[in-house]
Amino acid sequence: LMDVIAIYEGTRFGAELDSLADFVNFGVAPAILIYLWSLNALRTAGWVTALILAICCALRLARFNVSSKTADRRFFEGLPSPSAAGLVSRMVWVAVGFGVDGLPALAVAMALTVLAGALMVSRFAYWSFKGVSPRGRISFAYVLIIPLIFVLIAIDPPRVCFILACTYASSGIVIAVWRRWRRQSGRTGGGRFLRAGEAGHRQHAQTRGCNLKDPSGAGHGDSRRLKSTMDASASMARGAAQVTAGEEVDAPGAAAPSSA
């Protein structure tokens, strides 16, 4: 099959044939593995659960073929089928190594199988690692992390591989929560700063006598109206002061005859 795929590489038929091979390797094979290891104890519910994994893998590959030309190359939409297959198979590897069987193994197998299928058809974004190229500049952190991962895998392959698979499967959920938090915090913070800016601009406009809708100072009509209003208020204040002063001057004169 791989020789046929190599012959038709770069063609539409080759892409579909490659997806068919991925479906067998990453959809059918893990479903059979998890069913024979634990899910067969559930009879009908067991093979239905395994079938869900295979169907979700087929849907994931079909969506990838449709949207591969328009999607962002930095991220995958949904958990990639190799990662889902690795999650299921490494779980079986770890469980066999630690001697886990019976009801706990059955519960974990059923929950993880359904979760892997759901993550494949989800819209969570998963990092594709396509931005990392040995031909370009590579961060010094990658030079340390990549050899360290291989060393840890060599020390304890089942456990480390399962931890890596779980970490990558949960990274899509973490990215989605982080993006949602950034949108909410940006919306709230932006609204707060906008209101504060409007209040400051309004106060500045009242101080300088310009209109808020014309911050450039072009609205001289509003400035003249405001100035005339202020002049009228000052004139009224001066008139009231003069009247009050006149009453105070007349008061002693009115009191003089009565004292005489």
Side-chain angles (χ1 to χ4, degrees), residues 19-68 71-72 74-130 149 152-153 156-183:
S19 297
L20 178 61
D22 290 342
F23 170 68
V24 174
N25 293 329
F26 307 127
V28 177
I32 294 176
L33 174 65
I34 197 69
Y35 177 77
L36 295 178
W37 177 67
S38 178
L39 294 179
N40 56 0
L42 295 176
R43 298 180 183 274
T44 303
W47 68 258
V48 168
T49 303
L51 186 62
I52 289 175
L53 180 65
I55 293 176
C56 290
C57 179
L59 294 175
R60 170 67 177 79
L61 292 171
R63 184 175 63 184
F64 175 78
N65 289 341
V66 171
S67 61
S68 59
D72 189 356
R74 299 174 301 168
F75 297 96
F76 292 124
E77 186 178 0
L79 182 65
S81 55
S83 301
L87 180 63
V88 174
S89 60
R90 284 165 177 79
M91 185 269 296
V92 176
W93 193 7
V94 171
V96 171
F98 284 93
V100 180
D101 54 4
L103 185 59
L106 182 61
V108 172
M110 191 170 186
L112 199 62
T113 302
V114 175
L115 178 63
L119 289 177
M120 278 193 289
V121 297
S122 69
R123 303 186 67 88
F124 293 138
Y126 287 88
W127 193 27
S128 64
F129 299 98
K130 293 182 179 180
I149 292 176
L152 294 176
I153 292 175
D156 191 355
R159 188 179 302 179
V160 175
C161 289
F162 182 64
I163 292 175
L164 291 176
C166 292
T167 302
Y168 185 71
S170 60
S171 64
I173 303 174
V174 175
I175 292 175
V177 172
W178 178 68
R179 287 179 174 178
R180 183 180 180 86
W181 176 80
R182 281 194 62 184
R183 286 195 299 267

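Throughout, residue positions are numbered sequentially from 1 according to the sequence presented.
Ser19 meets the side-chain hydrogen bond (donor to acceptor under 3.5 Å, both in side chains) test with Asn65; sequence neighbours excluded. Listed by chain and number, the residues in a side chain to side chain contact (heavy atoms under 4.5 Å, CB included) with Ala84 are Leu79, Ala116, Met120 (sequence neighbours excluded).
Judged as a salt bridge (charged side-chain N to carboxylate O under 4.0 Å, His left out), the pairs with a partner in residues 99-128 (not counting sequence neighbours) are, in order, Glu77-Arg123. Counting only residues at least two apart or on different chains, no side-chain hydrogen bond (donor to acceptor under 3.5 Å, both in side chains) pair has a member in residues 168-177. Among residues at least two apart or in separate chains, salt bridge (charged side-chain N to carboxylate O under 4.0 Å, His left out) pairs with a member in residues 156-167 are Asp156-Arg159. Sorted by first and then second residue, the salt bridge (charged side-chain N to carboxylate O under 4.0 Å, His left out) pairs involving residues 42-55 (not counting sequence neighbours) form an empty list.
With contacts defined as side-chain heavy-atom distances shorter than 4.5 Å, the pair Cys166/Phe162 qualifies. Counting only heavy atoms from C-beta outward, the side chains of Val96 and Trp37 approach each other to under 4.5 Å.
With values rounded to the nearest 0.5 angstrom, Thr44 atom OG1 is found 12.5 Å from Leu39 atom CG. Atoms SG and CG, on Cys161 and Leu87 in that order, are 12.0 Å from each other to the nearest 0.5 Å. In this structure, OH on Tyr35 lies 9.0 Å from CG on Leu42, to the nearest 0.5 angstrom. Rounding to the nearest 0.5 angstrom, the gap separating the OH atom in Tyr126 from the CD1 atom in Ile173 is 5.5 Å. Note that CZ of Arg90 is 8.0 Å distant from CG of Leu164, once rounded to the nearest 0.5 Å.
With Ser128 contributing its side chain and Arg74 its backbone, the two residues share a donor-acceptor pair below 3.5 Å.
Relative to the six-membered ring of Phe75, Arg179 meets both conditions, a distance below 6.0 Å and an angle of at most 45° to the axis.
Of the candidates Ile34, Leu112, Val100, Val92 forms a side-chain contact (heavy atoms from CB on, under 4.5 Å) with just one, namely Ile34.
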